[in-house]
> 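Take a look at this one; I'll ask things after.
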Amino acid sequence: MSAWKAAGLTYNRYLAVAARAVRRSLKEEKRLAAERRGQQDLRFAKWTNGKQGEVRNLAEANAQQAVENAAA
Amino acid sequence: MLSRAARPALRAGAAVSSRAVAPSAGFATLREIEGRLKSIRNIEKITNTMKIVASTKLTRAQRAMTDSRKYGETSNEVYQSAETKPLEGEGKKKLLVVCSSDKGLCGGIHSGLSRYIRRRALEDSNFDLVILGEKCRTQLQRTQAKEIVLNFAGVGKDIPTFAEAQAIADQIINLSGDYSGVEVIYNRFINATSYEPSSIPAFDVEAFTASPNFAAFEVDEEVLSNLREFALANSIYWALTEGHACEISARRNAMDNASKNAGEMIGKYQILFNRTRQAVITGELVEIITGAVASEEM
């Protein structure tokens with residue numbers, strides 16, 4: 001099993017981390033344009049029985065999930 | 001935001017138009033007509049500006065759409081050559097991912113998606129919903145609230161990024177439900193004036209391994225779940241960008257029409273205003289002259 005999977009990351013998260021590392025190592029002028037492509041500011045909520053749950057930040061929730069998956 | 005602020009004004013404009021049909025019913029004073037004329041002019045300014053903003057965004061959005069469509073199609077090619085079919089899971093639910101956005105004032109593209117979902121619900125209501133964007137959420141929670149499992153907000157502020165699609169796909173994959181398949185519902189861009197709700201299938205690992213041409217590929221079992229996650233993110237990215245381009249294009253059209261209607265109303269009211277002004281002046285003249293004549297004869 002690959003190391004990132006053992007750390008609880010999904011494939012998409014693994015890709016996102018790799019992409020971020022590449023973006024950060026670019027030269028200054030290219031980096032600014034590239035980092036804009038990596039931005040996301042989404043919120044989400046889970047629904048149960050037709051009721052909306054608590055609205056949370058997606059990036060934080062994903063990070064938390066990775067921690068839980070790693071522990072499991 | 002502008003869109004919210006403009007709403008009462010638009011409603012006021014609509015109310016004015018219904019009154020304009022029968023101007024003889026209540027004789028409007030000059031001041032009233034002037035006030036309405038001014039407010040319609042302001043609405044025209046707003047809609048016109050929104051149209052210009054949408055037009056400038058449109059080229060970029062369309063370029064992103066063509067790129068992401070090619071990208072998504074390429075990503076799905078592997079399933080096509082494997083001739084993957086969605087599994088006929090008895091009693092298992094399907095998961096529908098609806099790609100709308102947070103912003104309105106763009107014609108009927110969000111309600112087009114909602115209607116599509118309701119039509120699907122009439123045929124076969126055995127599905128759960130993941131909704132991207134506030135607009136479809138408010139529309140669908142009235143009728144389909146029980147089916148919603150996740151909703152995302154903050155979609156469609158700008159051209160969607162792949163990072164967004166990945167983050168969304170991550171949450172969807174971690175859903176606890178057991179689904180027979182995932183479908184991504186989005187507005188397909190046919191041309192600048194017509195859009196059509198369509199779906200992209202996203203296959204499960206089992207569906208892929210069960211496909212007739214699966215033997216043509218040499219893959220490790222381990223990688224398959226990665227492929228599934230990645231393909232889902234690709235499909236969502238494609239759907240989001242194409243939906244975004246549709247929305248901008250629809251907004252441009254809607255604002256174009258609104259400006260045109262406002263222009264018509266301004267013309268009508270200008271004529272009415274001039275006529276009334278004339279009538280008032282004539283009335284005053286008649287009063288003065290009759291007064292003068294009457295006092296002369298005394």
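Computed from a prediction, not measured in an experiment: that's the story for all the values here. To find a chain, count down the sequence lines: A is the first, B the second, and so on, and within it residues start at 1.
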> Does a side-chain heavy-atom distance below 4.5 Å link Q171(B) with Q65(A)?
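Touching, per the 4.5 Å side-chain cut-off.
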> What distance do L42(A) atom CG and L132(B) atom CG have between them, rounded to the nearest 0.5 Å?
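Here the rounded value is 8.5 Å.
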> Return the minimal non-hydrogen interatomic distance between S2(A) and E222(B), and the atom names on each side.
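Scanning both residues completely, I find the closest heavy atoms to be N-OE2, 4.5 Å.
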> Which atom names give the shortest non-hydrogen contact between A233(B) and N12(A), and what distance separates them?
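Closest pair (atom of A233(B), atom of N12(A), distance): CB-OD1, 3.5 Å.
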> For I159(B), which atoms come within 4.5 Å of any heavy atom of chain A: side chain, backbone, both, or neither?
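Neither part.
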> What do you reckon, is OH of Y179(B) surrounded by more than 12 foreign heavy atoms closer than 6.0 Å?
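Yes.
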> Would you compute the distance between atom CG of D170(B) and atom CG of L58(A) and round it to the nearest 0.5 angstrom?
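So the CG of D170(B) and the CG of L58(A) are separated by 8.0 Å.
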> For atom CD of E29(A), decide whether the heavy atoms of other residues, nucleotides or ligands shown that lie under 6.0 angstrom number more than 12.
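Check passes, neighbour count above 12.
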> Who wins among K46(A), K51(A), R43(A) for the most heavy-atom pairs under 4.5 Å with chain B?
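Answer, by heavy-atom pair count under 4.5 Å with chain B: R43(A).
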> Check each atom of R20(A) against the heavy atoms of chain B and say whether the ones under 4.5 Å are side chain, backbone, both or neither.
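Neither part.
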> Under 4.5 Å, heavy atom to heavy atom, which residues of residues 138-152 of chain B contact chain A?
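If one takes a 4.5 Å heavy-atom cut-off, the residues of residues 138-152 of chain B near chain A are Q141(B), A145(B), K146(B), I148(B), V149(B), L150(B), N151(B), F152(B).
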> If you count heavy atoms of other groups shown closer than 6.0 angstrom to CZ of R60(B), is the number above 12?
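No.
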> Given that the side chain runs from C-beta out, which part of R228(B) has a heavy atom under 4.5 Å from chain A: side chain, backbone, both or neither?
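Contact with chain A: none, neither part.
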> With only heavy atoms counted, which part of Q39(A) is less than 4.5 Å from chain B, the side chain, the backbone, both or neither?
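The backbone, not the side chain.
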> What are the two closest non-hydrogen atoms of A163(B) and G38(A), and how far apart are they?
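Answer, listing the atom of A163(B) first, then G38(A): CB-O, 3.5 Å.
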> I'd like to check R137(B) versus W47(A) (side-chain heavy atoms, cut-off strictly below 4.5 Å). Are they in contact?
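SC-SC contact between R137(B) and W47(A) confirmed.
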> Is it the side chain or the backbone of A61(A) that comes within 4.5 Å of chain B heavy atoms, both, or neither?
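Its backbone and side chain both get close to chain B.
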